[in-house]
There are 2 protein chains.
Amino acid sequence: MRETVTAKDVAKLAGVSQSSVSRVYFEGASVSEKTKKRVLEAAEELGYRPNVYARSLITNQSNIIGLVMKGVQNPFYAQVLKRFSSIFKQHGYSILFVYTNNDEIQKEDVETLLNYNVAGVVVTDATMSFSVGEEFKKNHIPLVFFNRKLGTGEFHSVCCNNLSASRSIAQYLLSKGASELVLITGNEHTSTSMEREKGFCEVLDQQKIAYRKYNSDYTYEGGHQTAMTVLEGKRLPSAFFVANDIMALGVIDALRKNDIRIPQDTKVVGFDNIDMASWPAYELTTWEQPIEEMIEETVNYLLAEITSYTGLAQIIEVDGKFVERKTT
Amino acid sequence: MRETVTAKDVAKLAGVSQSSVSRVYFEGASVSEKTKKRVLEAAEELGYRPNVYARSLITNQSNIIGLVMKGVQNPFYAQVLKRFSSIFKQHGYSILFVYTNNDEIQKEDVETLLNYNVAGVVVTDATMSFSVGEEFKKNHIPLVFFNRKLGTGEFHSVCCNNLSASRSIAQYLLSKGASELVLITGNEHTSTSMEREKGFCEVLDQQKIAYRKYNSDYTYEGGHQTAMTVLEGKRLPSAFFVANDIMALGVIDALRKNDIRIPQDTKVVGFDNIDMASWPAYELTTWEQPIEEMIEETVNYLLAEITSYTGLAQIIEVDGKFVERKTT
DNA sequence: CTCACACTTGCATACGTATGCAAGAAACTC
DNA sequence: GAGTTTCTTGCATACGTATGCAAGTGTGAG
């Protein structure tokens, strides 16, 4: 039923050995131009494609990048997915997409990645235990935490400089005369949430400005719900700092539902600068994460580690920039 | 560096043959409970995981589903991605995510899918040439067009009943007293766009209602831009039918920018019922595509075809339902 | 022409698993 | 207990490729 064309078939047609066929398709092997040409012609005629499984079996390598993601529905990560897929394809890698329901990456997911002997792994918004990270290290599989950190430098990580960003945001809000603030964080176990909280609160504490903190979950619904809860309290805060944009949109809609005018009655600042933040319906002031730069850093590191594994980890923080719009 | 534990190692420790180990991990092979237990214990102790590449090499099968997608940034497809990943994982399949930049799926992408000998393929919003579809058929790889059609029944397809849906929408708008309409389509080469146009226009033609048609691209920016173009004309249409929600949001924002009140001055109807359609900022009237049902149909077909390939194709159309909100 | 060297090629084998076959063990029938 | 059937197991081999090794080819220097 399925006529598999093997290197042997091509060899026969081209009048060479199977080894030579193999060498034609193997980067860096030594073949003469003449046989290369003959092999390629024969391959073309037969419709030969090297069998990735046989190849991976023997080389113990693959051209697959594992991409672990949870919040696909957050436009920020949708864009991240798109860019990673696009760039890795250019470099000849395919994407094994691993969706994690739970916050923490499951053992099952890790096994999948190990089973396919992925060339590298990008973990985006899923959290991961230390031991799982070690598992990859043990297998010499390069790993990057994208927009997350784990531990204290044991693993490679590419992030926005959340600390300085959230400090800037706090200072900006204070300069606008905000007096009583509300902070809405994302999943409290994530480094991004903790850092954005830390930088923000540091400044406020220092200036002895009162603030309330609410914990949410990085989703629109979460932001919306949390804002509703905030509004149950008597006092309307003078500004909201929301740990990501999609939650911020939920907050804005909740405020509007309560006929609270933005930015007159209160202000809202998000984080990410997703496309929607610039939509006329929201015009959200936010902090732009430099996605392209972050992705480039991630890809470069992974490709380098794939070529020659060192296991050296570094925490790379890129700045991004403040984007002022109409919610402040 | 990488200590690979093989079935042979497990066999030695368990005091059985490699074949027996293999049989323990192979669905449906005959092994006694006793040896099964011993093998599993030995495997546990050594940390054995069957090598997928060796397995695929010999069985000529894989546990990979290829998912081809373009508009990841459209929340509709983000949700589709999430659901497919989740469900296929439950059935023991991994997802090879293939992002296509171009409208049409590239030869390169097809080769990737064939190289990995995917168990099945789901093509969502990418268009595909007939010959490419035949390629999969030739290799007995089940293929589903999700929310798209190709040809006239040669390939399996799961769609919303676009024709009847868009007819209903037209009738609804007429019942609301709309007199001069605007239709904004998506990518004009896609079956969804053509069908939604056809159903809509059929009704209008029949009733001799005037309408203008504009071609756009299924994105927010496209919808926004197209609406701006529409508004350059002198007459404001009494209603817009926009071929998907994300474009419709762009249309709404464009209308608002021009101080046009919805639904008083004009009305807007979308298609998909993405989460954002229900957000207070938009409250978009739309047609709900029954994602869960469509996904279930797709998965069932694929799983059945994977178990036993027939190559029989069917066009499955599910109804969905009208969701009336505040833009009409 | 000889020798040394670089380059190219084929042979044989290995990667880790699945599976047909035959033999052995076990269970069951009469 | 003998005969029959079912279940279980090990042996050997195959899947399609990469690669060490040795042999072959060609090139250039002297």
Side-chain angles (χ1 to χ4, degrees), chain A residues 1-40 42-43 46-64 92 111 114-117 119 139-140, chain B residues 1-40 42-43 46-64 92 111 114-117 119 139-140:
Chain A
M1 55 170 228
R2 165 173 290 161
E3 83 309 355
T4 31
V5 174
T6 74
K8 206 180 286 180
D9 302 328
V10 176
K12 190 181 291 176
L13 181 58
V16 298
S17 72
Q18 179 266 320
S19 317
S20 291
V21 176
S22 171
R23 289 190 177 101
V24 169
Y25 287 89
F26 190 77
E27 197 82 16
S30 104
V31 216
S32 69
E33 280 305 316
K34 198 174 61 184
T35 64
K36 185 170 185 176
K37 182 158 170 280
R38 283 205 299 195
V39 166
L40 288 179
L46 298 177
Y48 169 71
R49 279 175 297 106
N51 183 312
V52 278
Y53 294 111
R55 174 173 286 184
S56 284
L57 174 58
I58 194 166
T59 61
N60 216 5
Q61 295 180 346
S62 77
N63 286 310
I64 303 180
E111 297 229 323
L114 293 175
N115 280 343
Y116 284 101
N117 203 358
N139 287 288
H140 286 203
Chain B
M1 57 171 227
R2 165 172 292 160
E3 81 309 353
T4 31
V5 173
T6 75
K8 205 181 288 179
D9 302 329
V10 176
K12 190 182 291 177
L13 180 60
V16 299
S17 73
Q18 178 265 320
S19 317
S20 292
V21 176
S22 171
R23 290 191 177 100
V24 169
Y25 287 89
F26 190 78
E27 196 82 14
S30 101
V31 216
S32 69
E33 280 305 317
K34 198 174 61 182
T35 64
K36 184 169 185 176
K37 182 157 170 283
R38 283 203 301 192
V39 165
L40 288 178
L46 297 178
Y48 170 72
R49 279 175 296 109
N51 183 313
V52 275
Y53 294 111
R55 174 173 288 183
S56 284
L57 173 58
I58 194 164
T59 60
N60 215 5
Q61 295 180 346
S62 77
N63 287 310
I64 304 180
E111 297 230 322
L114 293 175
N115 280 342
Y116 284 102
N117 203 357
N139 287 288
H140 286 203

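Values in this document were obtained by computation on a predicted structure and should not be read as measured data. Order of the sequence lines fixes the chain letters, A, B, ..., with proteins taken first and strands second; residue numbering starts at 1 for each chain. As a basis for the values below, the full set of heavy atoms in this structure was taken, side chains included, without hydrogen atoms, waters or symmetry mates.
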**Student:** Going by the angle between their ring planes, with limits at 30° and 60°, are Tyr53(B) and Tyr53(A) parallel, tilted or perpendicular?
**Tutor:**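 Ring orientation, 0 to 90° scale: tilted.
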**Student:** Base, sugar-phosphate, or nothing: which does Thr59(A) touch, judged by heavy atoms less than 4.0 Å apart?
**Tutor:**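 The answer is sugar-phosphate, as Thr59(A) gets under 4.0 Å only of primed atoms, P, OP1 or OP2.
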**Student:** In B/S/- notation, 5' to 3', how is nucleotides 4-14 of chain C contacted by protein heavy atoms closer than 4.0 Å?
**Tutor:** ----BBBBB-B
**Student:** Can you tell me the distance, in whole Å, between the OH atom of Tyr25(A) and the C1' atom of dG16(D)?
**Tutor:**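 Rounded to whole Å, this separation is 14 Å.
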**Student:** Taking CG from Asn115(A) and C1' from dT17(C), how many angstroms apart are they, rounded to a whole number?
**Tutor:**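 Those two atoms, CG and C1', are 13 Å apart.
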**Student:** Report the C-alpha separation of Leu40(A) and Tyr25(A) in whole Å, then their side-chain angles, then the decisive distance to 0.1 Å, and conclude whether the side chain to side chain contact (heavy atoms under 4.5 Å, CB included) test is met.
**Tutor:** CA-CA 9 Å; Leu40(A) 288 179; Tyr25(A) 287 89; 3.8 Å; yes
**Student:** Does a side-chain N or O from Tyr53(A) land closer than 4.0 Å to OP1 or OP2 of dA18(D), or not?
**Tutor:**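 Answer no for this pair, as no side-chain N or O of Tyr53(A) is under 4.0 Å from OP1 or OP2.
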**Student:** Report the distance from atom CG of Asn60(B) to atom P of dT17(D), rounded to the nearest whole Å.
**Tutor:**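 Nearest whole value for this atom pair: 11 Å.
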**Student:** Nearest-Å distance, CG (Leu57(B)) to P (dC15(D))?
**Tutor:**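 Distance check: Leu57(B) CG to dC15(D) P gives 9 Å.
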**Student:** OP1 or OP2 of dG16(D) less than 4.0 angstrom from a side-chain nitrogen or oxygen of Thr4(A), does that happen here?
**Tutor:**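 Indeed, a polar side-chain atom of Thr4(A) lies that close.
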**Student:** Atom CG of Asn117(B) and atom P of dT17(D): how far apart are they, to the nearest Å?
**Tutor:**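 Rounding to the nearest Å, CG of Asn117(B) and P of dT17(D) are 13 Å apart.
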**Student:** Between OG of Ser19(B) and NZ of Lys8(B), what distance do you get to the nearest 0.5 Å?
**Tutor:**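 Ser19(B) OG to Lys8(B) NZ: 11.0 Å, rounded to 0.5 Å.
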**Student:** Taking 4.0 Å as the cut-off, does a side-chain nitrogen or oxygen of Ser22(B) come that near to OP1 or OP2 on dA18(C)?
**Tutor:**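 Result: yes.
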**Student:** With Asn63(B), which residues qualify under side chain to side chain donor-acceptor pair (under 3.5 Å), at least two apart?
**Tutor:**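 Applying side chain to side chain donor-acceptor pair (under 3.5 Å) to Asn63(B) gives none.
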**Student:** With Thr59(A), which residues qualify under side chain to side chain donor-acceptor pair (under 3.5 Å), at least two apart?
**Tutor:**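 With neighbours one apart ignored, the set is empty.
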**Student:** Could you tell me the separation between the CD atom of Gln18(A) and the CG atom of Asp9(A), rounded to the nearest 0.5 Å?
**Tutor:**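 Answer rounded to 0.5 Å: 10.5 Å.
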**Student:** Which atoms form the tightest heavy-atom contact between Leu46(A) and Val5(A), and what is the distance?
**Tutor:**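 Looks like O-CG2, 3.4 Å.
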**Student:** Round to the nearest Å and state the distance from Asn51(A) atom CG to dC15(D) atom P.
**Tutor:**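 Between P of dC15(D) and CG of Asn51(A): 12 Å.
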**Student:** Rounded to the nearest angstrom, tell me the gap between atom CZ in Arg49(B) and atom P in dT17(C).
**Tutor:**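 Atom CZ in Arg49(B) sits about 11 Å away from atom P in dT17(C).
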